[in-house]
Enquirer: 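Please read through the structure below; I'll follow up with questions.
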Amino acid sequence: MTDKFDWLRDHVTGAVFVPGETGYAAECSTFNLLTPLTPPVVVGATGVADVEAAVRFASANEMPVAVRGAGHSQPHQASDAVLITLDRMTAVQIDEDSAVARIAGGARWGDVVDATAPLGLAAPVGSATTVGAIGYVLGGGQSPILGRAYGYASDYVTEFEVVTADGVRRTANEVENADLFQALKGSRGNFGVVTAMRIALLPVETLVAGGLYFPGNDAPRVIRAWRDWAAKLPDAATTSVSILRVAPMPHLPQVLRGQFVTAIRFAYAGPVGEAVEQFAPMRALGPAMLDTVEEVPFATATTMHYDPPTPVPFLERGMALSDFTDEAINALIKVDGPGSYSPLGNVEIRALGGALDRAPAPDANPGRGAAYQVVAVGRGTANDSPAVLTALDALEQALQPWREDRQPPNSMTPEQAGVDEVRRVYGPELFDRLATLKAKYDPDNLFRVNYNIPPAL
Ligand SMILES: Cc1cc2nc3c(=O)[nH]c(=O)nc-3n(C[C@H](O)[C@H](O)[C@H](O)COP(=O)(O)OP(=O)(O)OC[C@H]3O[C@@H](n4cnc5c(N)ncnc54)[C@H](O)[C@@H]3O)c2cc1C
């Protein structure tokens with residue numbers, strides 16, 4: 001085949017596909033089956049040189065660049081972009097002496113956990129190890145396992161290797177390109193293709209972690225009790241409460257499959273006895289359907305949210321709340337609790353605070369200081385998508401009085417990808433600072449297939 005992409009075929013070691021070619025669909029696949037990517041060309045990069053070539057080609061041809069790591073959050077279809085995929089760049093190297101991992105651009109958290117756990121080391125991973133490690137860190141990385149104990153994952157990054165819009169690989173750390181280093185920590189891919197990062201690891205070998213599952217009809221009293229209890233927990237504890245309509249998926253415990261459930265998730269980075277004592281008031285709430293809270297290896301703790309291990313079609317909504325008052329709980333129960341017949345699979349309230357509020361070195365994360373994060377997800381197929389969207393809208397409306405403008409960047413979802421909404425979430429001051437840096441590093445807004453921060457004029 002001869003076309004305008006021949007230059008790419010000649011200069012890239014990895015794969016180059018155009019629509020209709022065998023391999024194109026797999027190369028463009030995403031974790032969320034509802035967000036297909038349809039670029040005119042996709043480059044499966046094998047290393048930095050391929051990424052540089054793809055970025056230079058895009059720039060010369062006035063095409064935007066889209067990046068797919070593990071594919072969990074694509075707000076646009078990339079229909080006019082050069083898509084760069086990173087599946088062939090997944091190496092994880094650990095320097096045990098310094099407890100630092102070098103993680104390549106396309107590695108999933110699962111790849112990282114496989115490498116670090118045998119050494120008794122850990123990183124503040126999210127609820128799903130299928131998520132891309134770098135995609136997660138570029139949005140701050142808010143761990144529902146270690147977050148309150150250790151803070152955002154991006155706080156632990158010591159260096160990024162990034163190909164910027166001029167097609168040049170740069171190092172960004174506290175000394176070299178320090179402004180770029182700060183901007184990368186929270187701006188969700190606006191500043192280049194990150195081909196690798198170095199991240200400091202934590203000495204976490206085991207944790208007391210797991211879930212306590214009550215019938216869904218207990219949601220009103222369990223959620224109130226959780227709210228009062230969680231507010232007094234030490235920073236070592238990270239916790240959330242969820243209303244779940246559990247899909248009958250094989251990776252789930254039998255007792256939960258197909259059930260309506262209220263779940264409390266708990267992870268404690270401290271002595272076992274202390275953890276058990278701290279968790280006792282939740283166990284005292286009454287007989288549970290399932291209690292998996294116990295001391296487990298860190299790798300086991302990373303599966304405690306039972307997120308789907310393989311791609312699924314889903315619709316989601318995220319926001320932060322300033323407070324979770326009785327009125328807010330009532331509003332939540334009305335739209336998603338017993339008797340609501342909501343189609344949402346998971347509405348989760350995460351308690352933030354603790355080390356997540358620690359003042360870090362300057363970064364691009366507007367989420368600090370918010371008290372709670374809401375994660376709402378519904379399985380969206382051709383049949384049930386309209387009902388799921390209506391339910392997500394109703395939830396958003398119900399919690400509006402407590403909603404903050406700011407939120408952790410990774411909790412932004414596709415309907416928030418417009419510039420006004422991105423500016424609202426980042427706040428005018430941080431947004432304008434990032435827009436000024438964008439003008440320095442990406443003046444033509446090559447990296448705009450994302451939650452875009454356009455360059456300042
Ligand atoms: C099931 C599930 C569970 C999640 N749990 C959590 C959680 O607990 N905590 C949390 O903070 N977040 C969580 N997230 C959000 C997740 O961290 C973000 O969606 C993240 O951006 C996903 O990265 P990815 O590589 O998997 O996705 P992708 O869709 O491949 O990437 C998302 C965007 O990030 C950018 N990007 C990714 N990799 C690179 C790179 N190497 N260089 C430049 N830009 C890049 C691109 O702009 C891309 O559009 C979860 C998401 C899902 C679907």
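We count ligands from 1, going down the list as the structure has it; atoms in each ligand are counted the same way.
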Enquirer: Could you establish whether E161 and ligand 1 come within less than 4.0 Å of each other, counting only heavy atoms on the residue side?
Expert: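 In this structure, E161 fails to qualify as a contact of ligand 1 - no heavy atom is under 4.0 Å.
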Enquirer: Between D235 and R358, does at least one N-O distance fall below 4.0 Å, as a salt bridge requires?
Expert: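 Answer for the salt bridge query: no.
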Enquirer: Side-chain donor-acceptor pairs under 3.5 Å in residues 47-54, sequence neighbours left out?
Expert:
unit_1, atom_1, unit_2, atom_2, d
D50, OD1, T13, N, 2.8
D50, OD2, G14, N, 2.9
D50, OD2, T46, N, 2.9
D50, OD2, T46, OG1, 2.7
E52, OE2, R169, N, 3.2

Enquirer: Please determine if T130 has a nitrogen or oxygen closer than 3.5 Å to a nitrogen or oxygen of ligand 1.
Expert: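 The answer is no, given that T130 and ligand 1 share no N or O pair closer than 3.5 Å.
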Enquirer: Please state whether F447 comes within less than 4.0 angstrom of ligand 1, counting heavy atoms only.
Expert: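 No, F447 has no heavy atoms under 4.0 Å from ligand 1.
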Enquirer: What protein heavy atom sits nearest atom 10 (C) of ligand 1, and how far off is it?
Expert: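 The closest heavy atom on the protein side is Y136 CE1, 3.3 Å.
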Enquirer: What protein heavy atom sits nearest atom 52 (C) of ligand 1, and how far off is it?
Expert: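 Looking only at protein heavy atoms, the one closest to atom 52 (C) of ligand 1 is H72 CD2, 3.8 Å.
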Enquirer: When you measure from the heavy atoms of G140 to every atom of ligand 1, does any distance fall below 4.0 Å?
Expert: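 G140: no contact with ligand 1 (<4.0 Å).
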Enquirer: Under 4.0 Å from a heavy atom of G141: give me the atoms of ligand 1 that qualify, with their elements.
Expert: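 Going through ligand 1 atom by atom, the ones under 4.0 Å from G141 are 11 (O).
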Enquirer: Has ligand 1 got any nitrogen or oxygen that is less than 3.5 angstrom from a nitrogen or oxygen of I134?
Expert: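 Between I134 and ligand 1 (N or O atoms, distance only) the closest approach is not under 3.5 Å.
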Enquirer: Tell me: protein heavy atom nearest atom 9 (N) of ligand 1, and distance?
Expert: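 Residue, atom and distance for the closest contact: Q142 O, 2.8 Å.
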Enquirer: If you measure from each heavy atom of G139 to ligand 1, is any distance below 4.0 Å?
Expert: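 Distance cut 4.0 Å: G139 fails for ligand 1.
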Enquirer: Taking distance alone, with no angle check, do G189 and ligand 1 share an N/O pair under 3.5 Å?
Expert: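 Among all N and O atoms of G189, none is under 3.5 Å from an N or O of ligand 1.
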